[in-house]
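Throughout, numbering of the chain's residues begins at 1 and tracks the sequence. In what follows, every heavy atom counts, from backbone to side chain, and hydrogens, waters and symmetry copies are set aside.
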Amino acid sequence: MELPRCSRNYRKFGILPLETFATGVKTGIYSNDPPFTAPPLTEAAFDLLIQTYSTRYDEYKSGGPLLKPVFNVAKTALVGGLNSLANFIDDLPALIDDTIMLGGFTPVKTTDTEAQIPTQPVLTSLKRGESNQIVAECNLIDGAEYYGCLIMVSGPANQVEMSNGKLLLPGNMNTDIALDVTKSRRKVFNSLQPGVTYMFWFYAGNAAGVSNLSIPMALMAAQ
């Protein structure tokens, strides 16, 4: 769904266009009937930013490069004030293009992107811990809210898969299965059978769904 927002293109304006734009925003925010309710800056505070910017520019223009840093401070402050007012309008309920233009800004459309199913994890670490313990870890996945890890006694790995967010396990395999569904990427499996080789698969999930299973890796529990 496309949402209207205030364009921040004023950040690229030249010196005089920025002042003209800010003056238009001042009129839009504070001089409408009725005016916008409770903006983050008072009219006097925003007007002071504009006037200081104008004064510092005149000083810089007549005084030379040594005064440019002072002018830049005033410019940064004015742009910061515009950002604050743009954020204020963006947060108004039931925002439409006309409201944005009423405030002196230019509306643009942004896409409210839906969450994407995480990508397939990679098992990055698999090592023996304390007695009868194996510690597994996968990589960090952008957008993942939790990580799961499936382990089972080593067998035909191609019979284990993820489909529509559900683990499909071989129905005819008589083997031990464990599943860690805590959010952490680091999984600790205890009380494993000494000398038995286990297969490990990771997956990542969020509100959109569950990733494919990682490529399996195997490790024998300490004897």
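Ion pairing between Asp91 and Arg5 fails under the 4.0 Å rule for side-chain N and carboxylate O.
Of all heavy-atom pairs spanning Tyr203 and Cys149, the tightest one is CE2-N, 4.2 Å. Ile89 and Cys6 make their closest contact through CG2-SG, 3.6 Å (heavy atoms, listed as atom of the first residue, atom of the second, distance). Closest approach of Leu126 to Ala136, counting heavy atoms only: CD1-CB, 3.7 Å.
Between Tyr30 and Phe46, the ring planes are tilted. Angles from 30° to 60° get that label.
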*Candidate pair Phe71 and Tyr53, rule ring pair (Phe, Tyr, Trp, His ring centres under 6.0 Å), full reasoning*: CA-CA 7 Å; Phe71 165 70; Tyr53 172 83; 5.4 Å; yes
*Run the side chain to side chain contact (heavy atoms under 4.5 Å, CB included) check on Phe200 and Phe189 step by step: do they pass?*
CA-CA 11 Å; Phe200 294 77; Phe189 294 93; 4.0 Å; yes
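In this structure, Phe105 has its ring center closer than 6.0 angstrom to the ring center of Phe21.
With hydrogens and angles ignored, the 3.5 Å screen pairs a side-chain donor or acceptor of Asn206 with a backbone N or O of Gly143. With hydrogens and angles ignored, the 3.5 Å screen pairs a side-chain donor or acceptor of Arg128 with a backbone N or O of Met220.
Within 6.0 Å of the CD1 atom in Ile215, the count of heavy atoms belonging to other residues, nucleotides or ligands does not exceed 12. Sparse packing is recorded around CZ of Arg186, with 12 or fewer heavy atoms of other residues, nucleotides or ligands lying under 6.0 Å away.
Atom OG in Ser211 sits 9.5 Å away from atom OH in Tyr147 (nearest 0.5 Å).
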